[in-house]
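Here the structure comes first, spelled out in structure tokens, and everything after it is commentary.
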There are 2 protein chains.
Amino acid sequence: MPDVNYRKVTRVDVAREAGTSVAVVSYVINNGPRPVAEATKQKVLAAIKKTGYRPNGIAKALASGSTQTYGLVIPDISNPFLASIAHALQREAFKHGHVLLLGDAGDSRVREKELINNLLLRQVEGLIYTSVDRHPYIDLIQSSGTPCVMLDRVDPTEGVSALQVNEKLAAYKITRHLIEHGFKDIGIICGPIEMLNTQDRLSGWENALVEANLGIQKKWVIAGQYTRDWGYQAIYQMQKIGFPEAIFATNELQAFGCLKALAELKLRVPEDIALVCFNGTVQSEYTVPTLTTVRQPVDKIAEKAIQILQNWPNKEAICEVDFELQIGHSCGCW
Amino acid sequence: MPDVNYRKVTRVDVAREAGTSVAVVSYVINNGPRPVAEATKQKVLAAIKKTGYRPNGIAKALASGSTQTYGLVIPDISNPFLASIAHALQREAFKHGHVLLLGDAGDSRVREKELINNLLLRQVEGLIYTSVDRHPYIDLIQSSGTPCVMLDRVDPTEGVSALQVNEKLAAYKITRHLIEHGFKDIGIICGPIEMLNTQDRLSGWENALVEANLGIQKKWVIAGQYTRDWGYQAIYQMQKIGFPEAIFATNELQAFGCLKALAELKLRVPEDIALVCFNGTVQSEYTVPTLTTVRQPVDKIAEKAIQILQNWPNKEAICEVDFELQIGHSCGCW
DNA sequence: CTGAAAGCGCTAACAA
DNA sequence: TTGTTAGCGCTTTCAG
């Protein structure tokens, strides 16, 4: 039974109790870097138990110069897609003894900067970063020398590591899928138009249409936010000008909003209007109808991201990962 | 323009540059605890800029004995309800200069323990904790002396602070709502039966039925997991024995699963069968039909949780927060 | 108002 | 194999 600790028990106490030196206690706890005689080791272990000693990770971090901590900076953890990324990342990081500091920017650019600064002060050994907007604070991070992987589409600025699917291609593919269903009028609901991934998804959509000689109609591009509400609003906006045959929502939240609005308008998916989306999560398999969506390999991304941070610095700046078209019923497939 | 730093620049460098002592640099950076002459202050500020100095939070934490860090231990961050809690918590914590260490246990009891230990070593100043199962590691936490708020229903063990809605009452109320719709046969889909919140939700359901003289039928209690898939399976299980008029899914994920299965079976909600659930998130407002659900005041919970940690130790062990019935269409309301 | 110096708890180089 | 000790970068007391 551990002693009651009035004063925090430190390694000195353990050493005294075990009748040995602090160094030996360290060696036992860390299994190195020096070997310890079995008998001594047992005495130390006993002393640790008796004193109820717990190592202080902060002191260890200071002395060893390693915090075993990564920072995760994202716009909003309650976005299911980002939550699934966070889930995978923390799992992967923990495999390597690392823990994640959660930096949820609440969709605020100001907050995002504060968070990055804060995490940097805390000596995170790497940052996994998806920015709220098109101008991530990479200079801030780089000037600190902290390893960083962006999960965003990013200006091909020098030295930034980024992990991403080829969004233009993915958008092309999913639009193409709609075209193969025979749809000719295909609308797109976008996020903020200045964002690079918005532009990529948009241009993938355009490419597919152009390739199929379908022509691009301005009226079917509805740019706004990557939110449920915006998806919802977009439908009502479309209602005024007449609906396309199919809609490409550029993220899953928007698609949820679409489903709701379409149901209110008594429009059936996919019979009356087809719907597909980007970056679906498992929830897309549970909507009615199930959503056809571009699915990112979240586990692979997490694995790769941690890998990049661990092998820092590395050359391969931009790293592309495969996406997958997850076919649901919402596009017309049965 | 900051110097290129071969060696990390520390406070000593700044002091030298400013022609003052390290203590003064501290006073300037922390705005205390001693006052500094304006002129000196300016010199220090200039030196900081010139050297590109960044304080080391780890060293600060060690010296000051305060990490400004809380740990969040939950079964799975990709559960939307927990994600919304995490979102609110991080926001609230950050207001007070604190950051969250994310401990996603991946629904594993073993992992959960490892995480708690890990976070404890890291000297978190508080833990916000929802356990994977009915036996949280409170002894572990308490023996470390770390403040802790459970967001679970918890055995009234001594000294554990917990923040929770009255789940029994909430379950009663929502079941009652179904009864008021005129439903007599009301099924319930539960999580693992040994968990306390499962039992609470179950007994709230029973209370409402008994009170209305409706009698309790064993066959309409389907216990399993708090997952989408279990909700899905439960419907097919019910199909074999005939459906009740209404179903109470005891979390939102299960309800999503129900919606999918019911759609597959061409059963309309609420016309053919009504559905309500527990702990809905904003997503419940976007399903078709929208879900009637017990909604927890996530922001208030976060605020209160941080408050409890900050005012540690505090007497009020178990603290109840209000829930809210969010009415959707799934119960039959229009 | 400012400087010197003693820690915070641990690591690891150096000695023994 | 083990002990001693000088840091890690910062805070803060105690003297000036």
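Order of the sequence lines sets the chain letters (A, B, ...), proteins ahead of strands, with each chain counted from 1.
As a whole-Å value, the separation of B:Glu38 CD from C:dT2 P is 10 Å. Following rounding to the nearest Å, A:Arg54 (CZ) and C:dC8 (P) show an atom-to-atom distance of 20 Å. Computed from coordinates, the A:Asn30 CG to C:dA13 P distance equals 13 Å when rounded to whole Å. One interatomic measurement links the two molecules: NZ of B:Lys41 to C1' of C:dT2, which rounds to 15 Å at whole-angstrom precision. Put simply, CD on B:Gln42 is 14 Å from P on C:dC1, counting in whole angstrom units. As rounded to whole Å, 13 Å separates atom P of C:dC1 from atom CG of B:Asn31. B:Arg34 has its CZ atom 16 Å from the P atom of D:dG16, to the nearest Å. We find that CD1 of B:Ile48 is positioned 14 Å from C1' of D:dG9, with the value rounded to whole Å.
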Mind running side-chain contact (heavy atoms from CB on, under 4.5 Å) on A:Leu163 and A:Val321 for me, showing each step along the way?
CA-CA 7 Å; A:Leu163 207 52; A:Val321 298; 4.2 Å; yes
Please evaluate residues A:Glu303 and A:Lys300 with respect to the criterion salt bridge (charged side-chain N to carboxylate O under 4.0 Å, His left out), reporting the C-alpha separation (whole Å), side-chain torsions for both, the decisive distance (0.1 Å), and the verdict.
CA-CA 5 Å; A:Glu303 195 181 341; A:Lys300 199 169 299 168; over 6 Å; no
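The structure places CD1 of B:Ile116 at 11.0 Å from CG of B:Asn118, a figure rounded to the nearest 0.5 Å.
Of the candidates C:dC10, C:dC1, D:dG9, the closest approach to any side-chain atom of A:Asn56 belongs to C:dC10. With D:dG9, C:dA4, D:dG3 as the choices, the nucleotide that has an atom nearest any side-chain atom of B:Tyr27 turns out to be C:dA4. Comparing D:dT1, C:dT2, D:dT4 by their nearest atom to the side chain of A:Thr40 picks out D:dT1. For B:Ala23, counting side-chain heavy atoms from C-beta on, the closest listed nucleotide (C:dG3, D:dT1, C:dC10) is C:dG3. Taking only side-chain atoms of A:Lys8, from C-beta outward, the nucleotide of D:dT4, C:dT2, C:dG9 with the closest atom is C:dG9.
Remark: A:Leu62, A:Ala63 in residues 59-69 of chain A come within less than 4.0 Å of DNA chain D through at least one heavy atom.
Counting only N and O atoms by type, the side chains of B:Ser64 and B:Ser66 include no donor and acceptor under 3.5 Å apart.
A donor-acceptor distance shorter than 3.5 angstrom exists from the side chain of B:Asp104 to the backbone of B:Ile77, with no hydrogens or angles considered. Of the possible donor and acceptor atoms, none in the side chain of A:Gln296 sits under 3.5 Å from a partner among the backbone N and O of A:Asn279.
Between B:Tyr226 and B:Asn197 the shortest side-chain heavy-atom distance falls below 4.5 Å.
For the pair A:Thr10 and C:dG9, the criterion of a side-chain N or O lying under 4.0 Å from OP1 or OP2 is not met.
DNA chain C is contacted by both B:Val36 and B:Val22; B:Val36 maps to the nucleotide lying nearer its 5′ end (nearest heavy atom per residue).
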